[in-house]
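Below is one structure, written out as structure tokens, with a few remarks after it.
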Amino acid sequence: MRSFADSDGDGVGDIGGLRSRLPYLADLGVDAVWITPWYPSPMADGGYDVADYCEIDPRFGTLADADVLLAEAHALGIRVITDLVANHTSEQHPWFVAALAAGPGSPERARYFFRDGRAGGDEPPNDWISAFGGRAWTRVREPDGSPGQWYLHQFAPQQPDLDWDHPGVREDFDAILRFWFDRGIDGIRVDAAPAMAKAPGLPDAGHGPGAAFESRTWVGNPHWDVDGVHDILRRWRRIGDSYPGDRVFVTEAVVNGPERLSRYVRPDEMHTTFNFDYLTAPWDAGALRRVIDGTLAALAPVGAPATWVLSSHDETRHVTRFGRASTGAAFGGAALPASTTDPVLGLRRARAAALLTLALPGGAYVYQGEELGLPEVEDLPEDALQDPTWERSGHTVRGRDGCRVPLPWDGDRPPFGFTDAGVAPWLPQPAGWAASTVAAQLGDPGSTLALYRTALSLRRSLPRLADAPLTWLDGGPDVLAFDRGTALRCVVNLSAEPVDVTGHGSVLLASGPVPGRLPPDTAAWFRVDGG
Ligand code: GLC
């Protein structure tokens, strides 16, 4: 929301900006938009610190604006998914303000995890750690000014975790879900789903000093992917199912492997889930094929469709990752050191990855700006950085701002149509983005925007594609080649040499020139002979 388009000249994206660009999204060919949190928020974590779940932050607009947005999006055939941040509130949410004021042992504190410290109160109650670095506990001053209890926050200290065993928390969120479904929201993205349940008694996790928040490696962790989370998800699914139309849920669940992930999409739980194994996979044929096969194999038994995603608001943009020596990613953009990138190579691979992604069976998420081939902005001035990771890491990890730089729409200098001329966007844009603007790319049939538009249009229009199974072909070493039934053949060359693609049929779309053989880091879609 903050980085898409600004309508009121304050340098921050808003609902009006999104409304004005709905025709762009319709032309791009998306089925739905997922809007990151738009609720009133002190913005300690980009809006993922919510102070009121049933309002819109005035920076973004009003509830009336949201209603108009929904109506206009629906008129264009675009569904709207909102973000639900239920593991934690903002420290400024009235529940937390009341909990602080009410003191130890109060019913208000029972909505959160307030505990006495160890070692006479001076040490945190256990060894749990925060996703943004450091420990997951902060000590409060009690109303009488004395050093007091500690509260749990698996993210920033401004994001206290709610206790989902508290019946009032469950009931209040039932009402919040209904509030948005009643307004016509089509779906909900469940933020940080695995964080919501905790092991009884809050036992130590066994994290050593300096342990990193690497939830994809954790087994039996007491504060992440605890089985109780599924009770909450089932409860929400029942609410969604009580509404007319297809209300959908998608979870964000960074967990240990496809089998744990598949639990989030059992038939009575969520419909889909983001696929972080795919997002973080390196540009390597074997690794990608393992993730694709692993995903499909894990989801088939629970009957859930796969999803595929290359970038997000939490991750280094893949144009930049794919141009580095080490092309994989660590979730949150935190753990892998940045290194020099080859932007030309990165973009070539990103375009090929787009055709791979959009050819796979299931849903695909496009992170705003990836359709423009935008790179990570790696040289944001330090005083512009807003991600809590920057402070929490003692200024050693820059965090996620580099993928959140406002989009360039038109013109030859910042703010590139994102906001009014002369206004500074909330994060500075690179001066050199003129060739990346939507306006510049719309006139260029070879642009990345044109590639995405054509690919998304073919995805819709190719007969029998939606339900077609994936069948691997032998394309040679470091080549991914597969059919989607008789609808489409996709060949991606991840090797260092051009590969022969004669016999694959006629090229429908390619990520780069195909002068006879398919060049390295290039993908092509073919019409399957007889299809
Ligand atoms: C999710 C969001 C991320 C946020 C975190 C805490 O991971 O995608 O942006 O910082 O949850 O709410």
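All heavy atoms count here, side chains included; hydrogens, waters and symmetry mates do not.
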Parallel, tilted or perpendicular, as decided by the 30° and 60° cut-offs, for the rings of F276 and F274 = tilted

Closest heavy-atom pair, D8 versus D10, reported as atoms and distance to 0.1 Å, is OD1-OD1, 2.9 Å

Query raised in the report: Hey, is the main chain of A205 close enough, under 3.5 Å, to the side chain of D127 for a donor-acceptor pair?
Result: yes

_Between F213 and W224 (judged by ring centroids, cut-off 6.0 Å), do the two rings come close enough to count as a pair?_
yes

In terms of the angle between their ring planes, are F482 and W472 parallel, tilted or perpendicular, with boundaries placed at 30° and 60°?
-> perpendicular

*asked:* Is it the case that over 12 heavy atoms from other parts of the model lie below 6.0 angstrom from the CG atom of D174?
replied: yes

* **Ring geometry between Y365 and W34 (parallel below 30°, tilted from 30 to 60°, perpendicular above 60°)** => perpendicular

request  = Report yes if some heavy atom in the side chain of I78 is under 4.5 Å from a heavy atom in the side chain of L25; otherwise report no.
outcome  = yes

Nearest heavy-atom approach of Y112 to A99 is CD1-CB, 4.2 Å

Exercise. Is any side-chain N of the basic residue among R183 and D67 closer than 4.0 Å to the acidic one's carboxylate O?
Worked result: yes

Could you check whether any side-chain N or O of R453 sits under 3.5 Å from a backbone N or O of G29, counting only pairs where one atom can act as donor and the other as acceptor?
no

Scanning both residues in full, the closest heavy-atom pair of A306 with L296 reads CB-CD2, 4.0 Å

> Has R115 got its NZ or CZ under 6.0 Å from the middle of the six-membered ring of W137, at an angle within 45 degrees of the ring axis?
Replying inline: no

Here the gap from L18 atom CG to I35 atom CD1, rounded to the nearest 0.5 Å, amounts to 5.0 Å

- Are any of the side-chain nitrogens in D277 or R290 under 4.0 Å away from the carboxylate oxygens of its partner? no

Just so I know, are the side chains of F173 and I232 near enough to count as touching, which here means a heavy-atom distance under 4.5 Å?
no

**Any donor-acceptor N/O pair, D204 side chain to G206 backbone, under 3.5 Å** = no

request  = Assess the side chains of E269 and H230: does a donor N or O sit below 3.5 Å from an acceptor N or O?
outcome  = yes

- request: Examine the side chains of Q149 and R109 and answer whether a donor and an acceptor come within less than 3.5 Å of each other.
  value: yes

Next item on the list: Report the relative orientation of the aromatic rings in F4 and W409; use parallel for angles under 30°, tilted for 30 to 60°, perpendicular for over 60°.
Entry: perpendicular

Between the SG atom in C490 and the CG atom in L360, the distance rounded to the nearest 0.5 Å is 7.5 Å

* Are D27 and R21 close enough, and set up right, to give a salt bridge (Lys or Arg N to Asp or Glu O under 4.0 Å), and what steps lead you there? -> CA-CA 10 Å; D27 289 345; R21 302 294 183 176; over 6 Å; no

- [ ] Report the relative orientation of the aromatic rings in W283 and F322; use parallel for angles under 30°, tilted for 30 to 60°, perpendicular for over 60°.
- [x] tilted

- Donor-acceptor pair, R266 side chain versus R263 backbone, under 3.5 Å? yes

TODO: Would you check if there is a donor-acceptor pair between the side chains of T389 and D387 at a distance under 3.5 Å?
DONE: yes

Side-chain donor/acceptor of W164 to backbone N/O of A86, under 3.5 Å:
yes

| request: Look at the rings of F181 and Y243 and say which category their plane angle falls in: under 30° parallel, 30 to 60° tilted, over 60° perpendicular. | output: tilted

Notebook entry, point to check: Between D83 and T36, does any side-chain donor sit less than 3.5 Å from a side-chain acceptor?
Noted result: no

- Task: Measure the shortest side-chain to side-chain distance between R400 and H313 over non-hydrogen atoms and say whether it is less than 4.5 angstrom.
- Result: no

Note: D52 and C54 closest approach over all heavy atoms is OD1-N, 3.0 Å

Ring geometry between H88 and F155 (parallel below 30°, tilted from 30 to 60°, perpendicular above 60°): tilted

Would W180 and W38 count as a ring-ring contact (aromatic ring centres under 6.0 Å, His included) if you check the C-alpha gap in whole Å, the side-chain angles of each, and the deciding distance to 0.1 Å? CA-CA 12 Å; W180 290 104; W38 55 3; 5.6 Å; yes

Closest non-hydrogen contact found for L69 with I15 is CB-CG2, 3.9 Å

Contact check, side chains of H223 and F113, non-hydrogen atoms, under 4.5 Å = no

I'd like to know if the side chain of D186 and the backbone of V80 have a donor-acceptor N/O pair within less than 3.5 Å. yes

The reported gap from CG in L261 to OG1 in T295 (rounded to nearest 0.5 angstrom) is 8.0 Å

Discussion item. Side chains of Y367 and D314 only: does a donor on one sit below 3.5 Å from an acceptor on the other?
Written reply: no

dist D14:CG -> R19:CZ (nearest 0.5 Å) comes out at 10.0 Å

- Item | Distance-only polar pair, side chains of S41 and D57, donor-acceptor under 3.5 Å | no

**Asked** So does K198 pair up with D161, basic N to acidic O under 4.0 Å?
**Response** yes

Look at the side chain of Y151 and the backbone N and O of P157, then say whether any donor-acceptor pair between them is shorter than 3.5 Å. yes

Rounded to the nearest 0.5 angstrom, the CD-CG distance for Q159 and D45 is 4.0 Å

Side-chain donor-acceptor pair present, T89, R111, cut-off under 3.5 Å: no

Check whether E376 reaches the backbone of R317 with its side chain - one donor and one acceptor, N or O, closer than 3.5 Å.
yes

Take the angle between the ring planes of Y53 and Y39 and call it parallel below 30°, perpendicular above 60°, tilted in between. tilted

Rounding to 0.5 Å, atoms CG (L488) and CG (L458) come to a distance of 8.0 Å

message: Between D284 and R289, does any NZ, NE, NH1 or NH2 come within less than 4.0 Å of an OD or OE carboxylate oxygen?
response: no

Check: Donor-acceptor pair, Y452 side chain versus V366 backbone, under 3.5 Å?
Finding: no

message = Checking the side chain of R189 only, and the main-chain atoms of F249 only, is there a donor and an acceptor separated by less than 3.5 Å?
response = no

Minimal heavy-atom distance between V169 and D163, with the atoms involved, is CG2-O, 3.6 Å

